[in-house]
Structure formats: C-alpha cells, structure tokens
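Just so it is clear: chains get the letters A, B, ... in the order the sequence lines come, proteins before strands, and each one is counted from 1.
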Protein chains: 2
Amino acid sequence: MVLSRTSQYAVQALIYIATQPAGEPVLNRDIAERLNVPAAYLAKILQSLCKQGLLDSFRGRLGGFCLRDGMQKTSLMQVLLLTEGPDFTKSCILGLKECSDHSACPMHFKWVPVKKKIIAMLQEMNLEELAKAVRTGKYRLADLPAAALPA
Amino acid sequence: MVLSRTSQYAVQALIYIATQPAGEPVLNRDIAERLNVPAAYLAKILQSLCKQGLLDSFRGRLGGFCLRDGMQKTSLMQVLLLTEGPDFTKSCILGLKECSDHSACPMHFKWVPVKKKIIAMLQEMNLEELAKAVRTGKYRLADLPAAALPA
DNA sequence: TATAATTCGGACAAAAAACTCTTTAGGAGT
DNA sequence: ACTCCTAAAGAGTTTTTTGTCCGAATTATA
C-alpha cells in the first residue's frame, strides 16, 4: 500500500514547490527542511525530475527549482510514471510476466477494476489543485505543523 | 502497484498448496519448481508462515508443508498482514507518520475510499476459492503453462 | 574580479530486500 | 541401527534502495 520513498519525496516536494510563488526558484535545502527529508537525496530526485522535464533548475545565487512552465497541472499519475517507471500500472500484482485478460493470474479479474480506480484517482489529482488545498491549510505535507504561508 | 516479492511468492505458494490434496504435505522443492521461484528463499517464507500459524510442516520422509487445519478459507488480506506486516493497510500513501481524517495529507480523502476497495477485494478472496479456480485451469499461478493436475 | 550561494555529477556508504550455502535436527523406511 | 529424505536455523552474499560527501560548474552581487 505503498509508493517507494523516492516517489513519496517527489510528490511531496512537487506539491510544495507548487505552493510557492511561480517563477521564484525554491531552494532544495528549504524543501528538505520543510518536508523533513534528507537534502542530498532529495536533490538527486529533483535533478532527475529536471532531466525528465517536470522541473527547471537554476544554479548560483537566487537559484533553485521551479515547476517548468505549463507543468502546473501535471497529474500524480504522470509524476509516478516518472518516479516508478513506465510499467507502474502495467505489472501483475502477483508478479507474473504474462498476465492479461487472455491469460490471467488468479487475482487478475478482481484486481483490474481496483487498479482502474487507483489510476483514475491519480489522474484526477494535479499539482496545482493539491497545492491550493495545502495553501488553504486544509492538508499537511509533512509530519510537522503546517508552516507559515507566504502572503 | 505492488506487493513485495516475498508477498507474491507467499500468495502463489499458498494457493498452490491449496490446490494439492489436503493432508498430503507438499515439498518446498516442488512448489519452487512449479512457481519458478528460488527454493531456498521460498523455504524461509514458508517457515515463517508456519511460525505464524498458517502452515504446518513435517520433516523427514513424506515431509513437506500443508495448510494448517481450518486455514483453507484464509483471505489474502490475512496472508498479506503476515507477510507485509500489521501496518499494511494503515500507512499513509505519502509516508506521513500522522495522517488521519482529522489531520490529513493531500491525498488522504481520495486515497481512503480506494484503499477500502483494495481491502474489500483482498478480504473476499480466499485460498480455497482461488485454488479451486486454478484447478479448473481458469488461471495461471506462474509464468509457465498450467501444470498437469492431479486426478 | 572576488565571493558567496546554489545546482550538478560522480563516487561512495549504509540499510533493506532478495537470495544462497551449510550444517543441524527430525522422521520414515529398511 | 542405519540410511535417506525432509525442514530448521543461521550465517553469508548479492542486489536494490536509500542516503552521504565532495569537488566542479554556474550565477548574482558587492
């Protein structure tokens, strides 16, 4: 019931970045502090998301990470396809290499409709919306009291 | 989308054991061959399931593993609670230690109903039923052609 | 131009998960 | 009693995931 830690950090960080004023780069260090996750590891994850086109990065003073233009509405599904790999939704729950309607594992026909629900849920949540809900104070992004929010 | 390999092996093995005549111990070696899974590793998993009360084991000639009496109807939920641990269903999808209706992560209220579907699915599937469906040839347990079945 | 602040890249380390090997112990058949 | 077949147990190995460290490249500003 479970995403890899890498995916969890990625989603948390992306939502956090989306809560911040667009165009102003956010420091890796600040994200890491705010989310209470290892900074050096988070940096790797963010760098990878840059290469994959979700984020822009800027070096030097006033540097940091921003959502790339037009990526505000990226769905969690798209994010997880990047962090978990393109087979994220494709694999058999019991690990069979071949498992389809035609030749199925014993869980297949119960699992497929549930998996569809999961996919639908992930597709209907996007960074902008989630960030908005976090900004209103409705939700917590980390195991810490909601941080003071920018005016 | 996603069980640990350990859980996958456990479920596959338990269903396989349930397909075999009750009371006749099944050899670890045979299960491993049938499922195409590392035998020594599978043995550890089965030993653990013994300690946890799901299986009985017998040493020496005519030894092997059987479902413990009365465990035929064990649900996949019960199995996964053993293999994935008791927090299997309890943890936050974003990894927050505290995440509840009262103080939620941004995915919480979308995730909870989906999680309920998953849990319901896992609770309504039990070893006996699954084994029966496999015995009829309806489903495959491994990436191999369905094995010849005992008369 | 110098400096401080940042990301980038690669190597490294630690921890967890997956898997193996070897030895011991127990039970069945002869 | 002896032998063979099995699981049990524990240590060890390999692979993957998670996490650290450090030096180099880049940029704003004084």
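- Residue-environment remark: CD (A:Gln52) exceeds the threshold of 12 foreign heavy atoms within 6.0 Å.
- Shown here are the side chain to side chain contact (heavy atoms under 4.5 Å, CB included) partners of A:Arg61, two or more places apart in sequence or in another chain: there are none.
- Atoms CD1 (B:Ile45) and P (D:dA7) sit 14 Å apart, rounded to a whole Å.
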Could you go through nucleotides 16-20 of chain C and list every protein N or O atom that sits under 3.5 Å from one of its N or O atoms, giving the distance for each pair?
{"residue": "C:dA18", "atom": "OP1", "partner": "B:Arg5", "partner atom": "N", "Å": "3.2"}
{"residue": "C:dA18", "atom": "OP2", "partner": "B:Thr6", "partner atom": "OG1", "Å": "3.0"}
{"residue": "C:dC19", "atom": "OP1", "partner": "B:Arg5", "partner atom": "NH1", "Å": "3.0"}
{"residue": "C:dC19", "atom": "OP2", "partner": "B:Tyr9", "partner atom": "OH", "Å": "3.0"}

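- Residues A:Leu96 and B:Tyr9 do not share a hydrophobic cluster, clusters being chains of Ile/Leu/Val/Met/Phe/Trp/Tyr side chains in contact below 4.5 Å.
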Scan nucleotides 6-8 of chain C against the protein and return all N/O pairs shorter than 3.5 Å with their distances rounded to 0.1 Å.
{"residue": "C:dT6", "atom": "OP2", "partner": "A:Arg29", "partner atom": "NH2", "Å": "2.2"}
{"residue": "C:dT6", "atom": "O2", "partner": "A:Gly60", "partner atom": "N", "Å": "3.1"}
{"residue": "C:dT7", "atom": "OP1", "partner": "A:Asn28", "partner atom": "N", "Å": "2.9"}
{"residue": "C:dT7", "atom": "O3'", "partner": "A:Ser57", "partner atom": "OG", "Å": "3.4"}
{"residue": "C:dT7", "atom": "O2", "partner": "A:Arg59", "partner atom": "NH1", "Å": "2.9"}
{"residue": "C:dC8", "atom": "OP1", "partner": "A:Ser57", "partner atom": "OG", "Å": "2.4"}
{"residue": "C:dC8", "atom": "O4'", "partner": "A:Arg59", "partner atom": "NH1", "Å": "2.6"}

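- Following rounding to the nearest Å, A:Asp30 (CG) and C:dA5 (C1') show an atom-to-atom distance of 12 Å.
- In terms of the side chain to side chain donor-acceptor pair (under 3.5 Å) criterion, residue partners of B:Thr6 (sequence neighbours excluded) are, by chain and number, B:Tyr41.
- For the side chain to side chain donor-acceptor pair (under 3.5 Å) test, residues two or more places apart in sequence or in another chain that qualify with B:Lys110 are A:Glu124.
- Residues passing the side chain to side chain donor-acceptor pair (under 3.5 Å) test with B:Arg59: none are found, sequence neighbours excluded.
- Among A:Gln123, A:Lys117, A:Met125, the single residue meeting the side chain to side chain contact (heavy atoms under 4.5 Å, CB included) criterion with A:Met121 is A:Met125.
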Notebook entry, point to check: Do B:Asp56 and B:Asp69 pass the side-chain contact (heavy atoms from CB on, under 4.5 Å) test, and can you show the C-alpha distance, the side-chain angles, and the key distance before you say yes or no?
Noted result: CA-CA 8 Å; B:Asp56 280 320; B:Asp69 232 43; 5.6 Å; no
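- Distance CD1 (B:Ile17) to P (D:dA7): 10 Å, rounded to an integer number of Å.
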